[in-house]
Engineer: 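Let me begin by handing over the structure; questions about it come next.
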Number of protein chains: 2
Amino acid sequence: MSLNDQELIAGFEKIIGKTQVITAPDDLEPYLVDWRKRYRGQAIAALRPGNTQEVSEIVKLCAANLIAIVPQGGNTGMCGGATPNSTGRQVVISLNRMNQVRAIDTSNQTITVEAGMILQSLQEAATAADRYFPLSLGAEGSCTIGGNLSTNAGGTSVLRYGNARELCLGLEVVMPNGEILNSLRGLRKDNTGYDLRDLFIGAEGSLGLITAAVMKLFPRPVANWTALVAVPHADAAVELLNRFQAGASAQLTGFEMMSDESLALLKHYYPALASPLSGPNAYEVLVEISDYESEEHAMQLMESILEGALESGCASDAAIASNLAQARKFWDMREHVPLAQADDGPNIKHDVSLPISAIPSFIATCNDMLRAKYPGVRVINYGHLGDGNLHYNIAGPSSAQTEEFFTSKSKEIQALVYAEVEKLNGSISAEHGVGQQKVAYLKGHRGEVALGVMQAIKHALDPHNLMNPGKVIAS
Amino acid sequence: MSLNDQELIAGFEKIIGKTQVITAPDDLEPYLVDWRKRYRGQAIAALRPGNTQEVSEIVKLCAANLIAIVPQGGNTGMCGGATPNSTGRQVVISLNRMNQVRAIDTSNQTITVEAGMILQSLQEAATAADRYFPLSLGAEGSCTIGGNLSTNAGGTSVLRYGNARELCLGLEVVMPNGEILNSLRGLRKDNTGYDLRDLFIGAEGSLGLITAAVMKLFPRPVANWTALVAVPHADAAVELLNRFQAGASAQLTGFEMMSDESLALLKHYYPALASPLSGPNAYEVLVEISDYESEEHAMQLMESILEGALESGCASDAAIASNLAQARKFWDMREHVPLAQADDGPNIKHDVSLPISAIPSFIATCNDMLRAKYPGVRVINYGHLGDGNLHYNIAGPSSAQTEEFFTSKSKEIQALVYAEVEKLNGSISAEHGVGQQKVAYLKGHRGEVALGVMQAIKHALDPHNLMNPGKVIAS
């Protein structure tokens, strides 16, 4: 009683119209491969529904025919979570047409948006209402809020505002059977049973398909001050963080660390973005303070904390951005480290998190271990120190060798690094998620009991394993 | 092959020792009734394990004999969630002996504690480490952190720091089959599969038994300034809130509203706590600002925002506490409103939340409706306006009539109030949870789809319905 492909496609066309069912190979291509071209799959079609009801009807048709679904937003994921598998028996549901603001409530500080809205558009909608939406990451011009929620995106403002999870108050979700779960309430407190919202957030579409969300807004700061600070070692960076936390509390909105090797790479590929501090320094830290009073107050706060840090020795040098262009440059430095890396060739990436107190010993141990085993290896180590999140990436001794080093050493180096992460009670995926890339690591990381609970939940909500199968957990 | 009661008790004694298995009626009594004496049950025994391994073994013995378990912390809940049922076929597991700090990490700003630790002891442990643990509520001298997490407790600092949920980074949970789920990691970012932590938080022990948690710590503010502000109507209170949010952002740590009738009741039962403002005022608001710089800076900030509010007319009068004793008095006023209510007799309680923008119309509509239908009815309306959380409580026309009014009108008044809450997309339980009290309301509030998902999860994790059955969701 299952439909064949042509009947299925006719069914989809009946629901969303002929033009929104993409099957021509050239048109389908962008839906089948991730942006870094690391993952590629096949699909019966890519479907572009225009509203939640259409999503529901598509999912019901798929469920009735046991056709698996891969939800896709901006297709900017790092772990292949939005790419179909190679069987050609799946459909991609793209949320890109569902990109509208449904409601904005400035008194309640909330905005209700459809899942396909581009993150940057959401930031702009907030600004237009004289509010601030803090989620910010490299892909913000392409990624969608639905993808951000499905992967619990992090980025550069987690320190103050939390991950995507903490910014969400309510969801609308199409369940694996096509039913619509509507909990689009803009409430700060709601203790009426199980917290389903947080179950869908970070589930990468494997439990249901997020179609809309109520997100928090914040008052807009009147001033942002940025500084670049040289620190002599990783312990000093942690001390500097603690000083800023004690002195600025929630006004501390950015704390990003870059190692000397990251800065050297940046200087090589983007000379205009070379550090203004005299170096080399073991680490340089980008610090941002936001203020609700005045430019003067922000500057005084920044200066007084930096003064203490320079005196104590946890900072050895500092430059405060004296204008917006300079502040922008400091952020550009940070954001171009991964781009310089990409220019340099492939590297072995680790998106890890650790208790902040354990970061210095993690770096020291891993650096020693890797340098002893792989002479000349380069450790491109940078990230969101304030969140305990390091991008600890490893490249071969010279640019010429990166490709071969990447291919031959990835597995063993990842095993070494992840073992150290587990020893220190960290995580092997801080902000990038699991996708298809890290499914095999999950049992070792979360443990058998947690994996069993996850599988029980998956099976209870998606018994035929139709929602993004093969992602997050093995079926 | 099930054991009889005597064999079961012998089994428990073998695990935790004779003295920790409470069966003598007088000793058992406190475990069978909630603190307000609204709910009463029976139990085979109350069990007081001393560590997680013992909890695990108890749960395994219960699971093997299909004996249901009621977890209990400080027994201070409002909805009967920690009281056994009347069958006498359940056991109470009290976590009170598991009250130790396992670890404290000031650089990572985390503390790892056992579930039976009293909230106030946790606050004190943080202070001793020169850190701040913000969760604070009336019952803090008796309630436990395990209970706070199981009910996702709110309290007076949610506005800045979030509910218990937002303060927790990791959990240790004994599952319904006795397995131990250990995810006691102190990480701000961890995207490795489903968010189980948030599923157990707020589940009131119905999916597993929380035995330990990693909680966030914060730097201690150097100054707190408190003011009492008169506002002419509820709309003005929302405007005042938005002004403080824009001007103080995260430094705004308290925003509590009390209606004129709340203040009149307070004055009657606690004359020493009468408002220092000339009144009556439609509402008075307690505002608290925390500061990380200095007393002076906090005072200036408070004064400048209040000045703007008085000019705009959203505030009509204000008193800033000039010393700690006066600040303490303002908080005492707020905390004694529920006590004055209790002195006055029973009242029909509603712990509701709403989008903050909808609160003025909610109050106006409900007040009008109730006053028209029940002439002379008193609306004791106060709460955490900054969180959209109102305690909208209804008492009969005079103290003499409260008992009869409570008994005869509870159901119909609750139905009226809840209908208005649903109309405005609010919640019927903002911070008190569901327990046994509100199980019947859940389907109407969350909807059939959400309830179906909740039941599927409950069934998947606890197929024999042994963990706090009858609480949160109907089996």
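Order of the sequence lines sets the chain letters (A, B, ...), proteins ahead of strands, with each chain counted from 1.
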Engineer: So among B/Asn108, B/Thr110, B/Asp105, which one has a side-chain hydrogen bond (donor to acceptor under 3.5 Å, both in side chains) with A/Ser357?
Structural biologist: B/Asp105
Engineer: Which atom names give the shortest non-hydrogen contact between B/Gly247 and A/Tyr292, and what distance separates them?
Structural biologist: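 That closest heavy-atom pairing would be O-CB, 3.7 Å.
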Engineer: Between B/His445 and A/Arg185, which heavy-atom pair has the shortest distance, and what is it?
Structural biologist: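 Residues B/His445 and A/Arg185, closest heavy atoms: O-NH2, 2.8 Å.
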Engineer: Looking at A/Arg165 and B/Glu166, does any basic side-chain N land under 4.0 Å from a carboxylate oxygen?
Structural biologist: no
Engineer: Heavy-atom distance under 4.5 Å to chain B: side chain of A/Val158, backbone, both or neither?
Structural biologist: side chain
Engineer: Roughly how far, to the nearest 0.5 Å, is CG of B/Leu196 from CD1 of A/Ile457?
Structural biologist: 5.5 Å
Engineer: Atom CG of A/Leu354 and atom NZ of B/Lys189: how far apart are they, to the nearest 0.5 Å?
Structural biologist: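 With rounding to 0.5 Å, CG (A/Leu354) is 12.5 Å from NZ (B/Lys189).
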Engineer: To the nearest 0.5 Å, what is the distance between CG (A/Leu207) and OH (B/Tyr194)?
Structural biologist: 3.5 Å
Engineer: Between A/Gly433, A/Gly388, A/Ser290, which residue shows the highest count of heavy-atom pairs closer than 4.5 Å to chain B?
Structural biologist: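 Top option by heavy-atom pairs under 4.5 Å: A/Gly433.
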Engineer: Quick check for you: among A/Asn182, A/Asp351, A/Val449, which has the greatest number of heavy-atom pairs under 4.5 Å with chain B?
Structural biologist: A/Val449
Engineer: Which one, B/Thr106, B/Ile356, B/Val173, leads in non-hydrogen pairs under 4.5 Å with chain A?
Structural biologist: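 So the answer, after comparing B/Thr106, B/Ile356, B/Val173, is B/Ile356.
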Engineer: Do A/Pro219 and B/Arg243 have side-chain heavy atoms sitting under 4.5 Å apart?
Structural biologist: no
Engineer: Below 4.5 Å from any heavy atom of chain A, which atoms of B/His459 appear? Answer side chain, backbone, both or neither.
Structural biologist: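 Neither; nothing under 4.5 Å.
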Engineer: Counting only heavy atoms closer than 4.5 Å, note whether B/Asn163 contacts chain A via side chain, backbone, both or neither.
Structural biologist: side chain
Engineer: Taking NZ, NE, NH1 and NH2 as the nitrogens, is one of them in B/Glu431 or A/Arg188 under 4.0 Å from a carboxylate oxygen of the other?
Structural biologist: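 Judged by the 4.0 Å cut-off on N to carboxylate O distance, B/Glu431 and A/Arg188 do not form a salt bridge.
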Engineer: Any non-hydrogen side-chain atom of A/Leu461 less than 4.5 Å from a side-chain atom of B/Val453?
Structural biologist: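 Yes; the side chains approach each other to less than 4.5 Å.
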Engineer: Using a 4.5 angstrom heavy-atom cutoff, name the option from B/Val222, B/Val434, B/Leu181 with the most pairs to chain A.
Structural biologist: B/Leu181
Engineer: Is B/Asp190 in contact with chain A via its backbone, its side chain, both, or neither, using a 4.5 Å heavy-atom distance?
Structural biologist: both
Engineer: Name the member of A/Glu204, A/His297, A/Gln251 that forms the most heavy-atom pairs with chain B at distances under 4.5 Å.
Structural biologist: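 Option with the top pair count is A/His297.
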Engineer: Can you tell me which portion of A/Ile180 sits under 4.5 Å from chain B's heavy atoms? Options are side chain, backbone, both or neither.
Structural biologist: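 For A/Ile180, the contact with chain B is made by the backbone alone.
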Engineer: Quick check on A/Ser304 against chain B: is it the side chain, the backbone, both or neither that has a heavy atom closer than 4.5 Å?
Structural biologist: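 Neither part.
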Engineer: Do you know which of B/Ser249, B/Ala460, B/Gly202, B/Ser206 has the most heavy-atom pairs under 4.5 Å to chain A?
Structural biologist: B/Ser249
Engineer: Taking all heavy atoms of B/Ser107 and all of A/Val238, pick out the closest pair and write down the distance.
Structural biologist: OG-CG1, 3.9 Å
Engineer: Side chain, backbone, both or neither: which part of A/Leu442 has a heavy atom under 4.5 Å from chain B?
Structural biologist: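 The answer is the side chain of A/Leu442.
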Engineer: Working to the nearest 0.5 angstrom, can you tell me the gap between B/Lys438 NZ and A/Asn191 CG?
Structural biologist: 9.5 Å
Engineer: Considering only residues two or more places apart or on different chains, which pairs with a residue in residues 440-457 of chain B satisfy salt bridge (Lys or Arg N to Asp or Glu O under 4.0 Å)?
Structural biologist: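 Checked against salt bridge (Lys or Arg N to Asp or Glu O under 4.0 Å) - neighbours excluded - no pair reaches residues 440-457 of chain B.
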Engineer: Taking the side chain as every heavy atom from C-beta outward, state whether B/Asn242 and A/Gln109 have any atom pair closer than 4.5 Å.
Structural biologist: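 Result yes, sub-4.5 Å side-chain heavy-atom pair found.
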Engineer: Among B/Ala203, B/Ala250, B/Gly193, B/Gly447, who wins on heavy-atom pairs under 4.5 Å with chain A?
Structural biologist: B/Gly193
Engineer: What option among B/His384, B/Glu293, B/Glu179 has the most heavy-atom pairs under 4.5 Å with chain A?
Structural biologist: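 Option with the top pair count is B/Glu293.
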Engineer: Go through the atoms of B/Met175 and report whether side chain, backbone, both or neither lie under 4.5 Å from a heavy atom of chain A.
Structural biologist: side chain
Engineer: So, taking the atom named CG in B/Asn425 and the one named OG in A/Ser183, what distance separates them when rounded to the nearest 0.5 Å?
Structural biologist: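 Interatomic distance, B/Asn425 CG to A/Ser183 OG, rounded to 0.5 Å: 10.0 Å.
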Engineer: Heavy-atom cut-off 4.5 Å, strictly under: side chain, backbone, both or neither for B/Val472 against chain A?
Structural biologist: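 Only the side chain of B/Val472 comes within 4.5 Å of chain A.
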Engineer: Checking A/Arg220 against chain B: side chain, backbone, both or neither under 4.5 Å from a heavy atom?
Structural biologist: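 For A/Arg220, there is no contact with chain B at all, as no heavy atom is under 4.5 Å.
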Engineer: Starting at CD1 of A/Ile201, measure out to CG of B/Asp198 and round the result to the nearest 0.5 Å.
Structural biologist: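 These two atoms lie 8.5 Å from each other.
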Engineer: Any luck finding a side-chain donor-acceptor pair between A/Tyr441 and B/Thr192 under 3.5 Å?
Structural biologist: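 No - no donor-acceptor pair under 3.5 Å links their side chains.
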Engineer: With chain A, which of B/Gly186, B/Gly154, B/Ala450 has the greatest number of heavy-atom pairs at distances under 4.5 Å?
Structural biologist: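 The residue among B/Gly186, B/Gly154, B/Ala450 with the greatest pair count is B/Ala450.
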